[in-house]
Structures are given as C-alpha cells and as structure tokens.
Amino acid sequence: MKVGVLGGGQLARMLAIAGKPLGIQLICYESIENPCANSVANIIKGDFNDENALATFAETVDCITLETENIPLTCAEFVAKQRALLPNEFTLKITQDRLYEKECLQSLQIPTAKFHAINTWDDLETALNTFNYPAILKTRKSGYDGKGQAVIHDKQGAVNAWEQLKSHELILESFVNFASEVSLICVRAKNGEVKFYPLVENEHREGILRLSKAPFIHPILQKKAENYANTLVTHFNYIGVMAIEFFVMGNELIANEIAPRVHNSGHFTIEGARTSQFENHLRAICGLPLGSTETIGFSAMYNLIGEEPVREKILSIPNTYYHSYGKAARPGRKLGHITINALSEDALNDSVANYLKIIK
Ligand code: AMP
C-alpha cells in the first residue's frame with residue numbers, strides 16, 4: 001500500500017516510520033528541498049499549485065492524507081478528484097480557517113471563546129467595545145506555534161496589533177482565563193468506529209507547545225471531550241486521527257482549535273500507548289482495524305526547541321526515549337522530542353525532575 005502525504009515535515013516522518021512494519025510506504029509531496037521526512041519516505045518535490053506535479057503524485061499512491069492544514073485548499077480539491085483524500089477537503093476548508101472553525105464549533109453547540117471576524121480597523125474597534133481586555137487578534141489562516149497572533153491589553157495595543165497583522169484576514173477572540181490546556185486525540189475508521197486516547201495536559205510558552213503530560217485523568221472532562229469529538233468526526237465524515245485543543249475552566253471545556261491530522265500532543269503515544277497515533281492514522285485511512293488507544297502508565301513529552309541536548313545524559317534516565325527529526329537548529333524550531341514513561345505518577349515525577357536537572 002502506498003500512502004501519499006501532503007507535506008514532508010516531522011509528522012510525515014513519524015507516519016512513515018509507523019508505516020514500515022505494516023508494509024505501508026509513504027510518498028510525501030513537498031515544496032522545499034530535503035524535507036525532514038526525506039530519510040524515511042520518498043519525496044516528490046513540487047509547488048502546491050503545480051497541477052502537473054500534483055497529478056503525478058496522486059497517480060503514484062493509493063490514497064492521500066496530510067500532515068499540515070497550511071496547504072492551499074485548491075491543492076487538496078485537485079488531488080481529491082484523483083484519489084481519496086483522508087481526511088476530506090471539506091474538513092480542511094473548515095479547519096484551516098479559524099473563523100470557519102469557530103463558526104462550525106458554535107453551530108454544533110461546542111463552546112468556544114467569544115469571537116468576531118475582523119476585516120477593517122472599524123471592525124476591530126467595534127468588537128473591542130464588546131470584548132473585555134485582554135483579547136487576542138489572530139490571522140484566520142496559516143498560523144502555527146503562536147505565529148500570526150497578538151494579545152491586546154489596551155487601545156495602544158490594538159493599534160500595534162492592527163499594524164502588525166492588517167494585511168491578513170483576521171479574527172478577534174476573547175482571552176480565556178483557563179486553568180489548564182488539554183487536548184483529545186481520537187481516530188475514526190472507515191467503518192465509523194471511533195476510538196479516543198485519554199486527555200493530554202499541555203503547557204505552551206510563547207504560543208509553542210513545550211510539554212504534554214498523559215493521561216490527564218478527569219472522567220467528567222474526558223466524557224465531554226469525547227462527546228464533542230464524536231460530534232465533530234460525524235459532522236465531517238472524518239477518517240483518520242483528529243486532535244482537538246481545549247481550555248479547561250472548572251468542569252467545562254472551551255474548544256480552541258481542531259487539527260485534522262496527527263498532533264504534537266499525541267507524540268507520547270509512540271511509547272506511551274498500545275498503538276501510536278501515527279499507526280492508528282495509517283490503519284484508519286488504509287481501511288485496517290484500529291489498534292488499542294489504551295495508555296501504558298504515565299508519560300511526559302518535552303519538545304526540543306531551538307537546540308538539542310546531549311543525548312547520553314537524557315538516555316540515562318530510565319524509560320526515556322529520544323526522537324531527533326534531523327533538522328538544522330534554528331531558534332524557535334521544533335527539532336525533536338523526548339518522551340519519559342513510568343508506571344506510576346510518582347516515578348514519572350522523579351524522572352521528570354531528573355530530566356529538568358540535566359537540561360538546566
Ligand atoms: P493557537 O495557535 O490558537 O493554538 O494558540 C496558541 C496558544 O496561545 C494556545 O495554546 C494558548 O496557550 C494561547 N491562546 C490562544 N488563544 C487563546 C485565547 N482565546 N485565550 C487564552 N489563550 C489563548
């Protein structure tokens with residue numbers, strides 16, 4: 001079986017690695033030279049608007065998936081005419097635009113922060129009159145890792161944010177004073193079966209995910225998250241892995257973002273669950289039975305951002321796993337991740353303390 005992936009970054013790389021034992025070969029379509037998935041997958045290089053190259057790519061594979069929502073919708077629609085695109089182009093259209101995404105969540109009675117479409121300075125001034133400070137101005141499309149966002153604390157902040165972002169289509173969101181951030185990773189098979197991983201607790205700094213801890217044990221929130229996820233995958237007629245990020249406010253969940261793909265907060269599943277999110281995504285889109293989403297003990301996943309630590313020291317911590325994506329170091333760039341596993345929460349906390357001492 002040959003699976004095509006739109007994009008060739010670290011998510012495609014981890015999908016390709018998961019595909020090897022299943023005999024599934026990955027072919028990535030990428031516009032950049034030597035993408036991260038290069039060493040484990042075949043790459044077809046082409047622009048995301050180049051229909052000839054996209055047609056060649058589509059002919060080479062049995063089905064197509066994606067590792068990023070930041071690809072032109074026209075590209076997804078074009079390849080979907082030739083091969084099954086899983087998840088489908090309708091899901092991509094909604095989830096690549098924060099405004100459509102929030103409108104969709106609202107229409108399905110899934111709570112979100114207050115939001116308003118912003119096209120002009122007047123829109124921003126009017127919306128700010130009905131929102132309390134702080135508020136967040138975000139680009140509707142192409143934002144990731146906190147890029148394309150500005151927190152507005154006062155009138156002058158609004159002027160600055162507008163100057164910074166006015167060339168884009170924008171959305172203003174109220175600032176949610178959350179207690180914590182969590183995500184739910186789920187997978188839906190072709191026969192409609194849906195499986196859920198336990199909730200993951202996430203810590204972000206400067207808009208970038210730093211740490212994910214799993215499982216986040218909270219039966220009420222788990223049930224709510226699973227109900228919301230079920231509503232969404234049914235609405236989209238979704239096949240594959242989907243992640244939903246939420247803000248936690250007491251016993252309530254406020255949906256922030258839907259990722260129509262494998263997700264950074266699910267990396268712990270490689271060693272911390274019976275079946276990884278990458279394998280389950282491939283199983284789902286290839287029409288294979290889903291694997292168990294049960295977690296094995298407790299996990300902490302740290303992203304390696306900007307630089308990589310000395311491996312020898314990290315690997316001396318029991319049940320600790322190092323994933324380097326083979327990328328050149330650059331400030332703010334995700335270069336790899338580390339997963340620490342343990343059979344009890346106490347043992348995990350000891351290993352995490354050890355890890356934090358080493359990387360200091
Ligand atoms: P996003 O790109 O929307 O996932 O935002 C990145 C991070 O910024 C989130 O994980 C939060 O930590 C923070 N953030 C985004 N939107 C909001 C909001 N409306 N209220 C509070 N924090 C937010």
Side-chain angles (χ1 to χ4, degrees), residues 9 11 67-71 91-92 94-106 110-118 123-124 127-128 130-154 157-158 161 164-165 168-185 199-214 216 221 225 228-229 232 241-250 252-268 301-303 305 332-334 337:
L11 299 180
E67 64 127 34
T68 168
E69 48 279 27
N70 294 329
I71 46 167
T91 312
L92 182 68
I94 303 301
T95 56
Q96 71 176 199
D97 185 318
R98 289 181 196 276
L99 179 64
Y100 293 166
E101 186 172 83
K102 290 241 157 39
E103 285 172 345
C104 170
L105 289 162
Q106 200 176 45
I110 299 173
T112 66
K114 225 160 97 176
F115 63 93
H116 209 290
I118 304 294
D123 290 343
L124 182 58
L128 281 169
T130 64
F131 283 41
N132 291 327
Y133 290 118
I136 306 193
L137 190 62
K138 297 181 179 177
T139 56
R140 280 170 54 178
K141 289 186 186 162
S142 301
Y144 67 98
D145 288 345
K147 292 187 173 65
Q149 303 190 8
V151 181
I152 299 176
H153 293 277
D154 51 27
Q164 185 193 329
L165 299 172
H168 302 268
E169 292 182 298
L170 300 169
I171 180 171
L172 185 73
E173 293 179 14
S174 61
F175 193 89
V176 179
N177 267 322
F178 54 80
S180 55
E181 293 187 79
V182 296
S183 53
L184 185 80
I185 314 252
L199 283 169
V200 181
E201 185 173 13
N202 300 316
E203 275 181 41
H204 294 81
R205 209 169 55 246
E206 289 147 7
I208 306 180
L209 180 69
R210 307 285 160 160
L211 165 65
S212 290
K213 283 176 95 171
F216 175 80
L221 293 182
Y228 293 150
L232 283 166
V241 163
M242 172 189 273
I244 311 164
E245 293 183 84
F246 297 99
F247 301 127
V248 176
M249 307 263 291
E252 300 302 328
L253 289 173
I254 315 284
N256 178 42
E257 215 172 17
I258 305 166
R261 53 174 167 78
V262 287
H263 192 253
N264 195 170
S265 65
H267 291 0
F268 84 93
M301 189 282 317
Y302 284 89
N303 272 331
I305 296 164
R333 198 175 197 203
K334 286 179 187 165
H337 74 265

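First listed ligand is number 1; within each ligand, the first listed atom is number 1. Count residues from 1 along the sequence. What you see below is based on every heavy atom in this structure, not just the backbone, and it leaves out hydrogens, waters and symmetry mates. Keep in mind the model is a prediction, meaning the values are calculated, not measured.
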Of Gln149, Glu257, Glu101, Glu245, the one whose closest heavy atom lies nearest atom 2 (O) of ligand 1 is Gln149
Distance-only, no hydrogens or angles: does the Asn303 side chain make a donor-acceptor pair with backbone N or O of Leu209 under 3.5 Å?
yes
Is the side chain of Lys102 donor-acceptor paired with the backbone N or O of Glu173 at a distance under 3.5 Å, no angle test?
no
For ligand 1, which atoms, with element, lie under 4.0 Å from some heavy atom of Arg98?
1 (P), 2 (O), 3 (O)
For ligand 1, is any non-hydrogen atom under 4.0 Å from Asn177's backbone (N, CA, C, O), its side chain (CB onward), both, or neither?
neither
Taking only heavy atoms of Val176, which atoms of ligand 1 are found under 4.0 Å from at least one of them?
18 (C), 20 (N), 21 (C)
Work out whether the distance between some heavy atom of Ser174 and some atom of ligand 1 is less than 4.0 Å.
yes
Residues in ring-ring contact (aromatic ring centres under 6.0 Å, His included) contact with His337, at least two apart in sequence or another chain:
His267, His323, Tyr325
I'd like to know if the side chain of Glu169 and the backbone of Lys141 have a donor-acceptor N/O pair within less than 3.5 Å.
no
Hey, what do you get for OH (Tyr133) to NE2 (His153), rounding to the nearest 0.5 Å?
11.0 Å
State, without any angle test, whether Ser265 and Ser212 hold a side-chain donor-acceptor pair at a distance under 3.5 Å.
no
At less than 4.0 angstrom from any non-hydrogen atom of Glu181, what atoms of ligand 1 do you find?
9 (C), 10 (O), 11 (C), 12 (O)
For Lys138, the ligand 1 atoms whose distance to one of its heavy atoms is below 4.0 Å
3 (O), 15 (C), 16 (N)
Using a 4.0 Å heavy-atom cut-off, which part of Ile136 comes near ligand 1: side chain, backbone, both, or neither?
side chain
